[in-house]
S.K.: 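Structure in structure tokens, see below.
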Amino acid sequence: MKICFNKVAALGMVLLLLAVPYSWLAAQAEPDTLIQDTTVTITGQEHLPRPAQFTFVHDSEGDAGGSITLKWTLSPDDGAGENNVTSYNIFRKASGESEFEKIGTVASGLTEYEDATTTDGVAYSYYILTSSDSVGSKSDISAGVVSSAQWFNSKDLDTFIIGIIICFSVIFFIFWAQKGKKLYLRKIAGLEAVDEAIGRATEMGRPILYIPGILDMDDVQTVAGITILGRVAKTIAEYDTKINMPVSRSIVLTTARETIRQAYVAAGRPDAYSDDMVHYLTDEQFGYVAAVDGIMVREKPATCFYIGAFFAESLIFAETGHSIGAIQIAGTAMPAQLPFFVAACDYTLIGEELFAASAYLSGEPKQLGSLKGQDVGKIIAMVVIVLLCALFTVASLTESEAVLSLANTIRGWFSAS
Amino acid sequence: MGNGHTEHKTLVERLQFIDRRIIFVFIGLAVVIPLLFGAVLKEETTPIVQTFFDTIEGLPEGSRVLLSFDYGPTTAPEIQPMVDAIVRQCAHRKSKMYMMALWATGDNLTGETIEKVLKPEFPDYKYGTDYINLGYQTGNQGLIRVLLVDFKMMYAVDASGTDVDSIPMMKNIRNLKNFDLIVSFGGGSPGIKEWVLYAGDPGKIPVGGGCTAVSAPLLYPYYPNQLIGLLGGAKGAAEYENALINAYPEYKGRKMAGMKLMMSQAVSHVVIMFFILFGNILYFIQRSRDKSRSMEAGR
Amino acid sequence: MRRTVPLVITLIVGTVLIVAEFVPHKPFGNLGDKFSMYFDIIAVFAFILGGGNLVRVHITKISRKKADWPFSAVTLAGFALVLAAGLFKIGNPGGIRGDVAVVGSLFNDLYIFIFTPLQASMFALLAFYVGSASYRAFRAKTVEATILLVAAFVILLGRTPFGLWLTGGFTGSWEFLQVPNLANWIMDVPNLAGQRAIMIGIALGVISMSLRIILGVERTYLGQDND
Amino acid sequence: MNAGKLLSYIILAIVVIAFVVSIALKGFLVTVGAFLTLFIFSFLYKDNPYYKFAEHLFVGASAAYWMSMGFWKTMVPNLFGKLYPPMVAWAVPALKNNPAQPLMLIPLVLGILLLMRLSSKAGWISRWALAFIVGTTAGLNLVRYLRSDFIQQINNTVFSLYVTNASGFDLGATISNVIIFGGVICGLIYFFFSKEHKGAFGAGARTGIIVLMITFGASFGYTVMARISLLVGRMQFLFGDWLGMIR
């Protein structure tokens with residue numbers, strides 16, 4: 001059943017993901033819209049700025065519909081002379097209506113407007129009134145354009161392809177490891193120390209404090225903290241140690257209780273579990289910090305885990321924990337807080353190690369396999385960086401335009417829209 | 001050898017694991033004593049601050065300056081000195097100040113600035129003709145985008161609910177392009193970065209900023225192309241105050257907030273550095289002793 | 001039922017959200033934002049569990065006269081007072097129709113009176129802890145610790161007038177050796193490189209863990225049993 | 001023991017008297033702020049009843065604060081106001097004319113499923129809600145981190161390792177670029193899980209640790225400044241606004 005589910009799940013995901021490029025290809029068949037030629041209409045008499053002209057009136061790319069993008073060339077009088085342009089006013093008419101209506105104003109110097117108030121399926125035509133104070137001149141009227149939603153955000157094709165490659169390498173190695181292939185994994189000091197830290201608390205007869213960060217379950221770091229809790233709680237159940245877990249989010253409260261209960265069941269001691277192991281304090285960051293500090297100095301836990309998303313409180317916890325002589329194991333992916341944990345805790349899971357920790361602690365081949373998949377991602381990153389830096393270096397050494405444009409093209413694939 | 005040596009050694013050991021409350025006392029004193037004595041630390045003005053100062057200095061009388069209060073009480077100790085200094089300078093230059101806030105918490109601080117700086121020091125400055133408090137509006141960067149096109153769409157009334165059309169200095173304000181300078185005070189998001197991206201760049205309006213020391217490195221890349229200048233943390237504030245004193249002799253000898261903050265910070269830094277050095281010296285003394293002892297034992 | 005249904009829910013929700021990031025068309029467009037909003041709503045439901053737990057813990061402490069039980073009464077009193085002012089809008093000038101945190105309401109006053117000083121003071125404790133942590137952690141015990149120490153020290157020195165005073169003699173093409181310049185260089189170059197490596201690693205970690213969860217390989221939060 | 005008890009009563013008496021005097025002289029707002037600040041700072045010496053008081057007050061009051069905010073700012077406008085607007089029109093008239101959105105039944109049902117946790121028999125159903133939450137987090141973050149942390153950071157690290165400026169070869173900028181390039185590569189090598197850190201690869205990993213340590217040391221040193229200014233702010237409040245010792 002277990003293996004079966006993974007396989008079915010992977011297959012289902014692949015099919016769903018394949019549907020995306022298919023629908024993108026289908027969407028490519030949409031025809032372009034041409035701009036209609038009309039004569040220039042002029043209102044007012046004196047000091048008229050010359051009009052701006054549309055270069056592009058088209059359904060906005062890769063969106064959910066309801067939007068048309070307009071681009072134009074600046075009026076030659078923009079930024080100069082007594083006919084200086086003060087603003088561009090956009091007028092719109094839906095097919096079937098008789099009057100043009102002003103829908104927006106853009107400051108001078110700008111050449112783009114997104115009309116995000118269209119109804120899909122209705123054709124709209126536009127003109128720009130280039131204004132200089134009270135007078136203005138109209139541009140050509142554009143042909144009717146219809147907005148629509150796209151099935152694929154073509155601006156994101158690069159992200160999609162890179163994502164597919166990394167996801168497939170992770171999935172591949174999950175199944176590869178499941179077949180029993182031998183896998184080397186380097187040691188992570190913080191994880192090697194988990195058993196020892198729990199054992200120490202058991203010997204001293206003191207509780208273990210587990211802090212899953214201060215964010216809710218919608219942050220991945222909290223999820224990582226909870227998955228690690230599952231592994232740690234199993235050892236705690238086996239050693240029959242006390243765990244105290246104050247949380248600052250109600251959903252984390254529920255999830256943590258479920259996780260610890262299941263760990264106790266898995267360890268064969270369901271009767272030893274109690275809901276009191278996890279308790280809620282407050283959502284307020286510093287209120288939570290104040291209360292956890294109080295718990296630390298009063299209960300004197302032998303071991304403290306800080307695993308999840310942390311902000312300024314990282315150092316307050318770590319210093320208070322040190323003052324009571326606790327072994328401290330921290331893990332976070334908050335770059336700004338890592339220095340404090342590294343400096344003040346005994347062991348720290350740095351960034352990526354946090355997300356790998358649960359897989360490490362599980363010891364299950366398929367979990368460990370995914371870590372090898374992650375390494376493929378690192379190889380991709382390194383190869384791309386080395387290759388592109390080499391290309392740019394060659395380009396600047398030889399001053400070759402061709403190499404530079406090649407490098408810029410490849411670099412363009414690695415840009416998040 | 002003998003007794004004296006062992007006692008001395010335990011002292012080194014003990015000092016290495018000194019009660020941290022002693023360190024707390026030193027840090028507390030390092031902060032408080034300069035404050036009580038009103039000690040100030042003058043900072044030489046660096047170019048990134050000086051160009052900012054010169055820009056305001058070069059504005060003609062009656063120029064319109066938009067001040068956006070994008071911070072809250074927790075960062076006020078760092079940011080408020082900059083606000084005070086810039087408000088003073090604008091008042092000297094007889095610029096018209098338009099105050100607003102992207103942060104809800106900035107609203108209270110705007111009122112405080114008016115009450116504590118503008119009213120007592122510049123009694124001639126009149127609300128409605130020389131300065132206005134427009135208050136806080138929701139929308140974050142979306143608000144900036146709208147203001148760039150139509151200012152009064154979002155600010156139809158000022159902070160106290162008065163129709164802006166009845167306020168003289170709002171008469172010719174149509175959009176952000178009517179301002180000669182935008183200054184954002186803030187460290188977080190939305191803040192200086194959003195003003196640059198959604199107002200300064202598209203509208204080609206000069207933008208200057210004052211931010212916390214922590215967020216300054218993230219904003220340096222925008223200078224000098226997108227930001228006319230940047231004040232980072234207490235140091236930036238103190239540098240600006242120095243420029244102000246150089247240009248306006250009436251401030252000479254006055255102890256300004258940023259300079260006081262800078263003094264407390266500098267003393268605390270020195271205290272912390274002293275403790276780091278002290279700890280390492282003790283560590284090396286002990287290690288060399290341990291080494292010589294183990295060599296003796298080996299013989 | 002108990003175990004497979006949750007796995008299927010995770011699989012479907014996770015995959016659909018990945019797809020939705022690339023498909024602007026209905027019904028996928030903005031699905032991520034919608035689900036985030038759903039999450040916020042569920043989180044408010046969960047307050048019943050969290051608040052209930054908080055109240056129960058402290059009532060138990062009081063009724064069993066456990067250590068520090070009088071302080072539990074303080075918690076309950078604070079909780080009841082703010083809940084009355086917030087949830088039922090007691091002391092709100094606009095009554096039940098007024099904005100919950102409007103200026104002049106009891107709720108907002110409590111915020112300003114109690115929260116602002118408590119928040120700012122807890123935050124300010126950091127100044128002390130930064131000092132004690134530097135004293136303890138910055139020892140040249142190993143090569144790594146020495147590097148940590150030197151980098152921190154240069155940055156600290158660069159932020160005081162001493163830095164310039166000590167190294168102001170370096171001028172001309174040696175100007176980069178002035179401590180403030182050195183400090184800026186460390187922030188802009190090696191610090192940046194380290195941050196980027198960490199961020200790229202984090203992204204891969206998140207991708208891999210998310211996949212393990214979506215595929216049901218990682219299921220600790222649902223339990224490892226087979227009921 | 002008795003002497004200790006006596007001392008604590010004396011301290012309590014001093015605190016109470018000082019509090020009353022301060023209210024009379026300085027008003028309520030400043031006094032409460034000053035005493036709560038002192039109570040929190042007293043934790044630096046050791047745990048004590050005054051800190052416990054401030055801590056317990058903070059927990060209870062702030063928990064209720066966020067609950068009230070959650071109810072009025074999220075639950076009412078985003079759930080009830082969209083599910084069936086007339087239901088909340090008596091409290092928030094502005095929502096009255098909103099169109100009803102039946103899809104909002106999804107969070108309602110999930111919220112109720114989560115509350116099933118309160119029942120010992122049907123508690124397992126709450127896992128469905130948890131599964132939804134965890135699935136959402138996993139799905140959303142996978143692409144977001146891919147985009148902003150993976151792809152964008154690679155993009156930022158791509159540049160020429162030979163930099164020129166107006167006056168020719170720029171040694172300083174070239175060295176900086178080479179260090180960023182090498183630092184990122186070695187940092188990534190350090191994070192490798194499935195290859196032993198030996199030989200050339202091990203040298204890379206060790207360089208990676210050095211880069212990370214410089215990063216951590218620098219960030220630590222840099223943050224000290226901001227943390228000190230928070231304390232300066234509090235001290236200005238205590239000695240200036242409250243005691244009036246700073247002019």
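Only a predicted model underlies this, so the values are computations on that prediction, with no experimental measurement involved. So that the names make sense, note that chain A is the first sequence line, chain B the second, and so on, each numbered from 1.
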S.K.: Any side-chain donor-acceptor pair under 3.5 Å between Thr332(A) and Gln221(A)?
M.R.: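 Checked: Thr332(A)/Gln221(A) side chains pair up, N/O donor to acceptor below 3.5 Å.
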
S.K.: Using non-hydrogen atoms only, which part of Asp275(A) is less than 4.5 Å away from chain C: side chain, backbone, both, or neither?
M.R.: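 Neither; nothing under 4.5 Å.
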
S.K.: Check whether Glu218(C) gets within reach of chain A through its side chain, its backbone, both or neither, counting any heavy atom under 4.5 Å.
M.R.: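 Looking at Glu218(C), backbone and side chain both touch chain A.
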
S.K.: Among residues 284-292 of chain A, which ones touch chain C with a heavy-atom distance under 4.5 Å?
M.R.: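 The residues closer than 4.5 Å to chain C, in numerical order, are Glu284(A), Phe286(A), Val289(A), Ala290(A).
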
S.K.: Is Leu54(C) close to chain A through its backbone or its side chain, or both, or neither, when contacts mean heavy atoms under 4.5 Å?
M.R.: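 Both backbone and side chain.
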
S.K.: Examine whether an atom of Ile316(A) lies under 4.5 Å from a heavy atom of chain C, and if so say whether it belongs to the side chain, the backbone or both; otherwise answer neither.
M.R.: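 Both parts, backbone and side chain.
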
S.K.: Side chain from CB out, backbone as N, CA, C, O: work out which of these in Ala224(A) comes under 4.5 Å of a heavy atom of chain C, or both, or neither.
M.R.: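 When you check distances to chain C, atoms from both the backbone and side chain of Ala224(A) fall under 4.5 Å.
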
S.K.: Checking Ile251(A) against chain C: side chain, backbone, both or neither under 4.5 Å from a heavy atom?
M.R.: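 Both parts, heavy atoms under 4.5 Å.
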
S.K.: Under a 4.5 Å heavy-atom cut-off, does chain C meet the side chain of Arg261(A), its backbone, both or neither?
M.R.: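 It is neither, since no heavy atom gets under 4.5 Å.
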
S.K.: At a heavy-atom separation under 4.5 Å, does Ala343(A) approach chain C through its side chain, its backbone, both, or neither?
M.R.: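 The answer is both parts of Ala343(A).
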
S.K.: For the residue pair Val265(A) and Pro270(A), establish whether any side-chain heavy-atom pair is separated by less than 4.5 Å.
M.R.: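 Yes, their side chains come closer than 4.5 Å.
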
S.K.: When heavy-atom pairs shorter than 4.5 Å are enumerated against chain A, which of Leu126(C), Ile207(C), Ile198(C) gives the highest number?
M.R.: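 Top count of heavy-atom pairs under 4.5 Å with chain A: Leu126(C).
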
S.K.: Tell me if the NE2 atom of His279(A) is crowded by more than 12 foreign heavy atoms within 6.0 Å.
M.R.: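 Correct, the count exceeds 12.
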
S.K.: Tell me the residues of residues 133-145 of chain C whose non-hydrogen atoms fall below 4.5 Å from those of chain A, in number order.
M.R.: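 So the qualifying residues are Ala133(C), Arg136(C), Ala137(C).
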
S.K.: Which region of Leu338(A), side chain (C-beta onward) or backbone (N, CA, C, O), has a non-hydrogen atom less than 4.5 Å from a non-hydrogen atom of chain C, or is it both or neither?
M.R.: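 Just the side chain, heavy atoms under 4.5 Å.
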
S.K.: Apply side-chain hydrogen bond (donor to acceptor under 3.5 Å, both in side chains) to Gln367(A) and list each qualifying residue two or more places apart in sequence or on a separate chain.
M.R.: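 Residues passing side-chain hydrogen bond (donor to acceptor under 3.5 Å, both in side chains) with Gln367(A): Arg212(C).
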
S.K.: Please give me the minimum heavy-atom distance between Ala43(C) and Asp216(A), naming the atom from each residue.
M.R.: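 For Ala43(C) versus Asp216(A), the nearest heavy atoms are CB-OD2, 4.0 Å.
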
S.K.: Would you mind checking which part of Asp283(A) comes under 4.5 Å of any heavy atom in chain C, side chain (CB onward), backbone (N, CA, C, O), both or neither?
M.R.: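 Side chain only.
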
S.K.: Classify the ring geometry of Trp151(A) against Phe28(C): parallel below 30°, tilted from 30° to 60°, perpendicular beyond 60°.
M.R.: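 Plane angle over 60°, so perpendicular.
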
S.K.: Heavy-atom distances under 4.5 Å only: say whether Ile213(C) touches chain A with side chain, backbone, both or neither.
M.R.: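 For Ile213(C), side-chain heavy atoms alone lie under 4.5 Å from chain A.
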
S.K.: Measuring heavy-atom distances to chain C, does Thr227(A) have an atom under 4.5 Å in its side chain, in its backbone, in both, or in neither?
M.R.: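 For Thr227(A), the contact with chain C is made by backbone and side chain together.
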
S.K.: Please report the closest heavy-atom contact between Ala318(A) and Ala344(A), naming both atoms and the distance.
M.R.: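 So the minimum-distance heavy-atom pair works out to CB-CB, 3.6 Å.
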
S.K.: In terms of heavy-atom pairs under 4.5 Å with chain A, which of Thr60(C), Leu211(C), Leu49(C) leads?
M.R.: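 Most pairs with chain A among the choices: Leu211(C).
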
S.K.: As an exercise: rank Tyr129(C), Phe45(C), Phe115(C) by heavy-atom pairs under 4.5 Å with chain A and give me the winner.
M.R.: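 That would be Tyr129(C).
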
S.K.: Looking just at side-chain N and O atoms, do Ser132(C) and Glu319(A) make a donor-acceptor pair shorter than 3.5 Å?
M.R.: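 Distance-only check passes for Ser132(C) and Glu319(A).
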
S.K.: With a 4.5 angstrom heavy-atom cut-off, could you sort out which part of Met122(C) is near chain A: side chain, backbone, both or neither?
M.R.: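 Contact with chain A is through both the backbone and side chain of Met122(C).
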
S.K.: Taking C-beta and beyond as the side chain, do Phe355(A) and Val220(A) meet within less than 4.5 Å on heavy atoms?
M.R.: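 A side-chain contact under 4.5 Å exists here.
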
S.K.: Select, from Leu253(A), Asp218(A), Asp375(A), Thr282(A), the one with the greatest count of heavy-atom pairs under 4.5 Å involving chain C.
M.R.: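 Answer, by heavy-atom pair count under 4.5 Å with chain C: Asp218(A).
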
S.K.: Output the residues of residues 63-87 of chain C for which the shortest heavy-atom distance to chain A is under 4.5 Å, in residue-number order; output 'none' if no such residue exists.
M.R.: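 So far as heavy atoms go, Asp68(C) are the residues that approach chain A to under 4.5 Å.
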
